[in-house]
Amino acid sequence: GCASSTDSSTPAPSSSADQPASDASSEAPADGEKEVVRIGMSANNIGIDDYQTKCDELLREYASTLEGVELTVLDAAGDVNTQISQIQDFIQQDMDAIIVWATDSVSVIPGLQQAQEAGVPIMCTNNPIDPSGEEYLTAFVGPDHYQEAVMCAEMLADMFPDGANVVQLTGTPGYDVSTWRQDGFEASIPENITILETQNADWNREKAQQQMEKLILKYGDQIDALYAADDNIAIGAYNALKAANMDIPIIACAFIGNEEGVKCMEDGIIDACVLQSPFPEAPAVMDTAVKIAKGEEVEFLTRYDLYPVTSENVRQVITDNGFEVWK
Amino acid sequence: MENEYILEMRHITKSFPGVTALDDVDLKLRPGEVLALCGENGAGKSTLMKVLAGIYQPDSDKGEIYYQGQRRIFKAPVEAKQAGIIMVFQELSLVMDLSVAENIYLGSLPLKHGRIDWKTLYEDARKVLAEIKCDVDPKTPIGSLPIAQRQMVEIARGIALGAKILILDEPTSSLTDKEKDVFFENIRELKQKGTSVIYISHKMDEIMEISDRAMVLRDGKASGDFATANTTIDEIIQCMIGRSISNYYIKNKAQPGEELLRVEGLCREGQYEDISFSVRRGEIVGLYGLVGAGRTEIVESLFGITRPSRGDIYYKGKKIQIRNSVQAVRHKMAFVPENRKEQGLVLGETCRKNISLVKLPWIKKGGFVDTAKTFEIYEEYRHKLKINAASSEQLTAQLSGGNQQKIVLGKWLAIQPDLLILDEPTRGIDIGAKADIHRFISQLAEEGMAVILISSEMPEIIGVSNRLLCIRDGRICAQLSGEDINEQRIINAIMNQPEDRSNPAAS
Amino acid sequence: MSNLFTWITEKFRKNTIIPIFLIVFLVCSFFIDKFFSLGNFVNILGQNAEKGILAAGMTFVILNGYFDLSVGTLMGLTSCLTVGLTPVIGLIPSILLALCLGAAVGLINGLLVTKLKINAFIVTLAGMTIFRGITYMYTQQTVRGSSKAFYELSRGSFLGLPNPVWICLAFILLGQAVLYFTRHGRNTYAAGGNMSSAQNAGINVDRTVILNFVICSFCAAVAGVMYASKFNSASPTLGWPDAHMLAIAAVVLGGTKLSGGYGNMFYTLGGLCTLGMINNAMNLLKLSSYYNTLVMGIILIIVLYMDIVLREQSVPSKRANIPGAPKKLQKE
Amino acid sequence: MSTIRTTKIRIAPNTTYVIIGGNFDLSVGSILSFSTVLVIQLFNIIGPVAAMLAVVFMGILFGLISGLLVGYLRLNSMIVTLGMMGIVQALTYFVSGGKNSVLKNAETSWFLQIGQGFVGFIPTLVVICLITVAIFEIVLKRTVFGSQLMSVGGNQIASRFSGVNDRKLVTLTFILSGMMTAIAGIMLASRVGSAQNAIGEGYEMDVIAGVILGGASLTGGSGSVVKAFIGILILRVLDNGFVMMGLPYSTQWLANGLIILVVVCVDLQSKRAKIQGKGGGKA
Ligand SMILES: Nc1ncnc2c1ncn2[C@@H]1O[C@H](COP(=O)(O)OP(=O)(O)OP(=O)(O)O)[C@@H](O)[C@H]1O
Ligand SMILES: Nc1ncnc2c1ncn2[C@@H]1O[C@H](COP(=O)(O)OP(=O)(O)OP(=O)(O)O)[C@@H](O)[C@H]1O
Ligand SMILES: [Mg+2]
Ligand SMILES: [Mg+2]
């Protein structure tokens with residue numbers, strides 16, 4: 001039994017993804033002062049997965065191409081307390097703007113508030129902030145994780161019009177992304193699709209493999225499909241399925257368009273997923289940050305586009321949108 | 001009738017797995033009496049006292065304790081303590097990181113307004129320490145004191161708490177004569193005040209000197225009760241071990257052979273300086289000195305535990321360097337350390353494993369331990385040293401103190417060393433076993449082993465050693481041999497009285 | 001004058017954390033821009049106040065010769081309960097409830113360790129997963145705070161220092177007073193230094209142990225409540241996976257013996273501030289995140305080594321090097 | 001059978017050794033991640049054999065460093081290995097660039113057979129694991145090294161006074177730990193075919209719990225590899241059982257903790273019935 005009453009499942013206002021980020025590649029106009037714009041970023045957990053690492057890489061790369069911008073990236077290693085400390089230290093250093101990839105959508109708010117009170121504009125990326133904290137934010141740039149899960153549910157429904165039994169492997173419990181991807185999926189599957197069981201795989205391949213082994217042992221052929229919270233989990237679970245000679249569709253919620261992932265898709269290991277590429281993120285985030293650092297007006301909400309993909313169209317979608325298959 | 005005794009223990013039985021430590025023992029104690037408790041190692045003395053002090057409970061309801069006329073059951077040490085029964089333990093039971101004062105008043109720290117009254121604590125402690133003429137600052141941590149002073153602190157603890165019955169379990173095992181005299185003064189004073197004292201010791205002369213009555217335990221049974229004034233040492237010993245000991249100290253008669261070990265100018269800052277001497281095969285060289293003189297430090301360096309900063313060691317004619325104890329053992333040196341619990345035994349291991357530990361590198365078959373051999377070794381030395389253990393698989397923690405010492409000795413003898421270093425080897429050992437060990441040492445020397453013996457017991461060192469080095473403040477202050485080894489000469493040397501310094505150091 | 005000097009050196013020798021702290025402080029002040037400023041020091045203190053309370057509680061248990069691995073998840077649980085129950089039963093009752101829960105957990109831990117004689121490591125490790133389980137049964141997501149006043153409490157400051165820092169200092173001072181001035185404190189040292197002697201001296205060792213576990217868990221609950229106030233919300237992930245290790249590291253780095261019986265609350269404060277400073281310095285140095293754990297790991301080892309070196313210099317030369325730790329290895 | 005395939009069981013023997021020596025090794029989790037990542041990265045460059053050798057070498061190197069710090073400088077093992085954990089974690093990131101590592105062109109390689117193949121109908125991993133446990137147990141209980149290690153854990157000082165090279169033994173336990181963990185990492189890489197940087201995160205605590213559950217003393221001096229193996233099996237079987245029962249993870253954690261307590265409790269009671277009055281140790 002869970003007693004929590006957080007039922008608003010889409011924290012950020014769910015306006016449609018209306019601003020493709022790539023066209024925001026404007027040069028910094030204020031040439032007047034030769035001032036360097038100093039921006040601090042507190043990342044969630046770099047190095048923990050490909051996506052965050054790639055984002056970090058792209059962000060730094062992009063920042064180094066910008067004239068007169070100095071970007072400092074610190075990593076909160078998944079801990080809100082560390083993150084708030086880092087925000088405080090940025091304030092202490094008189095940063096011109098702060099970017100936060102929130103480790104927690106609610107608990108980080110006091111940090112945002114402190115920045116605002118100190119007069120340092122602060123924006124969030126990727127991980128949305130609880131609506132109660134939006135008043136302290138200058139901007140938000142990022143994907144909609146809940147929406148991703150909804151799209152997955154739709155794809156699953158298309159695959160099994162007559163209903164199916166699925167098992168679900170989630171990320172690390174308690175983390176926002178994990179929750180949204182679970183909630184979005186559960187809320188959107190049609191009635192004729194039943195979730196046999198949900199287990200956590202902690203974004204860890206070995207754990208996913210073990211959990212899947214157990215689920216196979218328990219349900220065997222009853223399982224018609226697997227819904228995995230990300231491609232890591234999907235790959236881990238696939239190992240277990242292969243060992244048991246089971247060939248069922250695997251739907252991974254987020255797919256980040258790296259080489260391994262694309263290969264997995266093309267090999268039919270992952271059957272369907274939603275593409276959330278890191279490529280749009282860097283310019284969108286940095287440009288917004290530079291603008292708010294200079295005190296310019298910005299759009300409050302920037303969403304990137306999400307693309308449902310299958311084995312057949314994966315490479316197509318990636319190239320069509322101007323992304324790379326990276327690594 | 002009842003009131004004649006402050007304490008009566010009746011039908012006390014206590015067994016441990018495999019051993020019956022106490023079998024239907026009775027004990028009576030009058031107010032103001034000093035009762036000596038004698039017996040071989042493992043006879044059950046400590047166990048009996050632990051029953052009295054509430055640490056163990058008697059096995060059955062038949063075992064009763066009447067204290068001040070009332071039947072009492074002490075379920076925990078604190079109850080006995082509150083009733084006025086205070087025990088000073090055989091194994092020093094001090095808390096190393098706490099100060100002397102706190103150790104003395106452990107469990108009864110003075111309070112003022114609900115908080116610890118440190119001033120009173122230190123003052124009281126200073127007074128008690130002064131009473132037993134122990135010159136340490138009550139604020140020093142116990143851990144930095146040498147073992148003798150720790151024992152004095154233990155005694156101070158017994159005195160400080162104002163006991164009605166004070167139990168002293170081998171309180172003098174590391175004290176020198178001078179300290180012992182002061183201590184006996186204190187006991188007499190306590191006696192005057194009506195405190196009863198139960199005194200456990202293996203030193204017969206002490207028992208004769210201090211006690212009113214001596215009770216003998218043998219194999220867990222009470223086997224005799226003597227009024228000290230009307231008995232002799234031999235009578236008590238006879239009762240203890242079932243035979244009399246004709247000759248406590250057996251001088252080894254062997255002709256010294258070739259030189260085995262020579263030390264030249266050994267030095268370690270702050271511990272000892274300019275140590276030069278030699279030891280021959282078949283010779284027992286004693287090291288005597290007051291506690292803290294640096295004897296242990298010297299032999300520890302010989303054995304590679306610490307490294308000397310200067311000086312040379314020649315062994316079997318070759319100059320060697322000993323970097324650690326492994327090399328020392330390879331050279332067939334053996335070292336029985338002074339603190340058997342910390343340095344001698346792995347208490348959580350069995351007797352067999354402890355006794356074969358040093359020998360392991362010799363009894364391996366391609367890296368594997370030859371288990372049968374370990375049993376053989378255990379049996380051999382159990383027999384030779386008369387070790388009293390329930391079985392080869394008994395944990396050494398459960399052995400009586402004396403038997404623990406024998407295990408340590410046994411594990412070294414097992415490698416048939418060329419050089420045997422003994423640091424206070426008979427501390428806490430019963431008189432019978434002590435004679436056995438002395439005989440054993442002499443016999444080994446006669447077979448060609450060289451022995452270095454450290455002891456704080458004057459009679460022992462005089463009785464056993466062929467040659468004697470007196471150490472004072474980390475230096476050799478005299479070297480005596482043959483007829484010169486006598487009490488007067490030793491005391492002169494140690495006390496820095498004018499002494500004919502004809503041969504201050506060896507070679 | 002020379003008296004004062006010997007007194008100071010004496011103190012320094014015993015409290016190796018003081019010179020270590022000073023060295024780290026000076027190095028940071030000289031080489032790191034913006035480190036040496038009042039605002040930054042206040043920052044550092046504020047960032048570590050809750051950890052300080054956790055470490056203060058841990059000090060008791062470690063002095064007693066144990067450690068408590070369950071504090072991290074317990075902190076998460078109490079934090080979630082405080083926030084989650086506020087709308088239901090009100091702020092004060094939910095705080096009290098959380099604190100009582102902390103104390104009760106400590107009581108259970110203590111009873112299991114002393115009465116059933118289960119290894120403390122196992123007990124608290126089990127506690128760690130149990131509390132995590134309960135927390136997630138209660139809520140799987142971050143719970144939003146509903147009391148403005150409660151939030152403002154942790155944001156307020158007094159004499160320039162944030163309120164949490166004052167609370168932390170109060171706990172540390174109080175803890176030190178308990179250790180130094182009460183029988184319970186001294187019994188803790190005795191039991192940690194040599195359990196059987198303490199027992200034989202008539203100290204109620206079981207009670208001492210239980211009380212220390214209660215103190216430790218209670219402190220964890222306090223830290224949980226304070227985090228709830230600081231974040232104006234509570235996440236079930238709070239304290240997972242390594243809050244307990246950080247607390248233990250602060251205590252041990254301060255110089256308190258992991259095997260018990262030696263140390264005090266000021267050591268813990270020193271260890272905590274040193275760690276806090278290093279963390280802050282790394283933020284200010286703008287090190288790429290990969291270097292963080294690297295630098296931290298190296299510094300931990302260096303500090304530990306400095307500690308040993310300083311300690312070895314401090315032992316009086318005579319008879320000091322006899323390796324004679326009471327019953328465990330010399331782990332200090 | 002699948003129960004025995006868990007990586008935790010493969011790092012149990014060496015963890016048991018370290019604990020018996022009276023120390024902790026908290027760095028096994030990060031060394032596991034590191035070696036898994038490294039073996040995959042190197043596999044793609046220099047092929048399986050060289051990669052495996054290099055990884056084992058690195059494992060030994062890490063173990064050697066911790067071992068020297070703990071054994072010879074006598075630093076507190078818990079903090080040293082906590083530090084090592086951070087260092088190795090950082091190195092993992094350097095090696096991988098923070099991204100997942102994937103085996104390339106390995107479909108036909110024998111390398112995958114280590115983790116995924118079978119000997120008869122028994123998975124190769126299980127065979128390897130059982131053999132390792134047997135070897136470690138025999139070495140511990142039957143050889144001079146093992147006996148001396150037990151005595152060092154029981155009383156390091158007394159062992160030193162008995163001609164045992166305590167420092168070397170302690171160092172060796174850490175070296176073995178690093179080496180075995182590296183090997184476990186190789187097997188994990190072969191089984192999963194890819195690696196995340198944090199794949200071994202938190203493993204150290206689970207393994208220590210299993211070892212202690214298997215009756216090893218935390219202060220050193222006693223313990224058994226086979227029992228540690230059983231200890232971890234118990235934890236794993238519980239884990240599986242919970243999933244079979246369909247418990248949500250929160251309930252699993254709760255039940256897991258409770259059952260550990262019950263198991264230890266029952267075990268203790270039965271032991272106590274056998275040996276009474278053995279001086280109760282602490283921690
Ligand atoms: N905790 C215990 N467990 C098992 N056996 C024990 C325990 N304590 C003592 N014994 C056994 O009980 C017997 C009596 O031991 P005790 O310590 O009372 O002897 P003692 O007379 O004090 O000897 P010593 O003079 O050597 O100190 C011995 O055989 C000893 O092995
Ligand atoms: N260290 C001690 N010194 C003196 N008496 C003690 C000690 N420990 C326990 N006692 C006695 O046992 C009883 C209960 O022990 P406890 O440790 O609770 O003492 P206390 O007075 O409650 O100390 P505190 O208030 O500091 O907790 C006390 O009334 C006291 O007489
Ligand atoms: Mg005795
Ligand atoms: Mg000595």
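Letters A, B, ... are given to chains in the order of the sequence lines, protein chains preceding strands, and every chain is numbered from 1.
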S.K.: So, do C:Tyr189 and B:Asp97 sit near enough that their side-chain heavy atoms are less than 4.5 Å apart?
M.R.: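 In short, these two side chains do not touch, never coming nearer than 4.5 Å.
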S.K.: For the side chain of B:Trp118 and the backbone of C:Tyr180, is there at least one donor-acceptor N/O pair under 3.5 Å apart?
M.R.: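 Answer holds: yes.
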S.K.: For residues B:Leu111 and C:Arg183, determine if any side-chain heavy atom of one lies less than 4.5 Å from a side-chain heavy atom of the other.
M.R.: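 Counting from C-beta outward, B:Leu111 and C:Arg183 do come under 4.5 Å.
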S.K.: If you tally heavy-atom pairs under 4.5 Å against chain B, which of C:Ala198, C:Ala177, C:Ala201 wins?
M.R.: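 Top count of heavy-atom pairs under 4.5 Å with chain B: C:Ala201.
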S.K.: If we only count heavy atoms from C-beta on, is the B:Val78 to C:Asn204 side-chain gap below 4.5 Å?
M.R.: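 The answer is no; the side chains never approach within 4.5 Å.
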S.K.: Using 0.5 Å steps for rounding, measure from the NE2 atom of C:His184 to the CD1 atom of B:Ile116.
M.R.: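 Output value for this atom pair is 11.5 Å.
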S.K.: Should C:Asn200 and B:Lys81 count as side-chain neighbours, where that means a heavy-atom distance under 4.5 Å?
M.R.: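 No. Closest side-chain heavy atoms not under 4.5 Å.
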S.K.: Side chains of B:Met96 and C:Asn194: closer than 4.5 Å at any heavy-atom pair?
M.R.: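 B:Met96 does not reach C:Asn194 side chain to side chain.
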S.K.: At what distance, to the nearest 0.5 angstrom, does CZ of C:Phe181 lie from CG of B:Asp117?
M.R.: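 CG of B:Asp117 is found 10.0 Å from CZ of C:Phe181.
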